[in-house]
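We number each residue from 1, following the sequence as shown. For ligands, and for the atoms within them, numbers begin at 1 and follow the listed sequence.
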Amino acid sequence: MARINEHYAKLPASYLFPEIGRRVRAYAAAHPEAKVIRLGIGDVTEPLAPAIVDAMHAAVDEMGKRETFRGYGPEQGYDFLVEAIRQNDYAARGVEIAADEIFVSDGSKCDSGNIQEIFSLAARIAVTDPVYPVYVDSNVMAGRTAAVGADGRYPGLTYLVGNEANGFQPEPPAEGVDVVYLCSPNNPTGTVATRAQLERWVAWAKQHDAIILFDAAYESYISDPALPRSIYEIPGARDCALELRSFSKRAGFTGVRCAFLVVPKTVTGVGADGARVSLNALWARRHTTKFNGASYVVQRGAAAAYSRAGLAQTTAQIAFYMENARLLREGLSAAGFTVFGGVHAPYIWLRTHGGATSWEFFDRLLTETQVVGTPGSGFGPAGEGYFRLSGFNSRANIEEAIQRIRRVFG
Ligand code: MLT
């Protein structure tokens, strides 16, 4: 008899986005004539940039010839991609990251779910609330929590509430936390941490010997040069922070899959005997044991995102999505909604209409406007009464969605 991991039973039956998908499919089946506009899951809609497509075609051709065929690649990523990351994402911004501190993977969702494995089950974990659900669910699966409470929180996790008063950027906790997940630009609220806020986090982590897991999957949506794109732009972060980066939203790779995790050799945790242990060594052990490297073709595509043409083309795509975000932000404000985010992130976070719960508003929006969004409560109890719309869609669909929402709610 195979006993299951009973911690899974503490989770809701389905993950947030499949649940939304299930409800939308049921609605569409019952209303086949409805033209549903999906602004729920943040999934890119523009085709891959031509420079990326060309690089992937060329890589496929290499794989089809005996002389240039490749089998398993280096687990941490091919040198050509690691060097491009080092130069473009870090050295160009005055940050020194070594090649063996970068771990190329098949996605930040996996990295952010897996990273908790290298910490003790006794490690005290903090998340912001609202939060990207993977951080919470992966810690529940690992057994760091009790069953969810009536307040929607898992005892064992520390929740740092983001609200309108703090601009959805909670301050560091006074004490009692070993590891904190931060996401900036933030999913779901679309808000962004300032340099001063990140400085406070790094100072806090150093003072409390804590680790920051910094999810920067949306950094390319930052347009203000004064805002840090990497936690390593903050002095001292190399001693206390790991950084997650993704090609999903920056180069349209949600269906291609490529990301990387930066683990500086200077970040350490503590072993049972009190000795300091390099997190880089632990993650390298984990990565090389459980992962055989992202595909060669995909890594060639990712590297092409840093070429002159690739950069120009992907920058234009990001500008396109950010114009969508601007239209949504302004259109919804004009309809009377209180909106946040959408300036340095592709997400708009809004207060629901008339005090509706997040799921009530989801149902109203779907049935009365055929627009799909994401209920804020799906991101944690502090998201109740809020709703997320994504700027990832065609211009025509964004404009149509705004018109429909204004007609019903404006
Ligand atoms: C989202 O909609 O929050 C994201 O697309 C989910 C993800 O990146 O996994």
Legend entry - Per-residue contact class, Tyr347 against ligand 1 - non-hydrogen pairs under 4.0 Å: side chain
Inset, instruction - Taking only heavy atoms of Gly42 into account, list the atoms of ligand 1 that are under 4.0 Å away from them. - result: 1 (C), 2 (O), 5 (O)
Inset, instruction - Scan Tyr132, Tyr181, Tyr135 and name whichever one has a side-chain hydrogen bond (donor to acceptor under 3.5 Å, both in side chains) with Asp215. - result: Tyr135
Inset, instruction - Only counting residues at least two apart or in another chain, list the ones meeting side-chain contact (heavy atoms from CB on, under 4.5 Å) with Asp151. - result: Arg153
Legend entry - Proximal atoms of ligand 1 relative to Ile41 (non-hydrogen, under 4.0 Å): 2 (O), 5 (O)
Inset, instruction - For atom 4 (C) of ligand 1, grab the closest protein heavy atom and report residue, atom and distance to one decimal in Å. - result: Lys249 NZ, 3.5 Å
Inset, instruction - Determine whether any heavy atom of Asp43 lies closer than 4.0 Å to an atom of ligand 1. - result: no
Inset, instruction - For the residue pair Tyr306 and Gln87, confirm or rule out a side-chain donor-acceptor distance under 3.5 Å. - result: no
Inset, instruction - Report yes if the side chains of Arg245 and Arg250 come closer than 4.5 Å at any heavy-atom pair, otherwise no. - result: yes
Inset, instruction - Please indicate whether any nitrogen or oxygen in Phe379 is less than 3.5 Å from any nitrogen or oxygen in ligand 1. - result: no
Inset, instruction - Would you check whether Arg388 has a nitrogen or oxygen atom less than 3.5 angstrom from a nitrogen or oxygen atom of ligand 1? - result: yes
Inset, instruction - Verify the distance criterion only: is there a donor paired with an acceptor across the side chains of Tyr90 and Glu101 at less than 3.5 Å? - result: no
Inset, instruction - Ignoring hydrogens and angles, tell me if any N or O in the side chain of Arg395 forms a donor-acceptor pair with the backbone of Phe320 under 3.5 Å. - result: yes
Legend entry - Asn187 neighbourhood, listing ligand 1 atoms whose heavy-atom distance to it stays under 4.0 Å: 1 (C), 3 (O)
Legend entry - Heavy-atom side-chain proximity of Arg300 to Tyr78 below 4.5 angstrom: no
Legend entry - Ligand-residue contact atoms, ligand 1 with Tyr132, heavy atoms, under 4.0 Å: 6 (C), 7 (C), 8 (O), 9 (O)
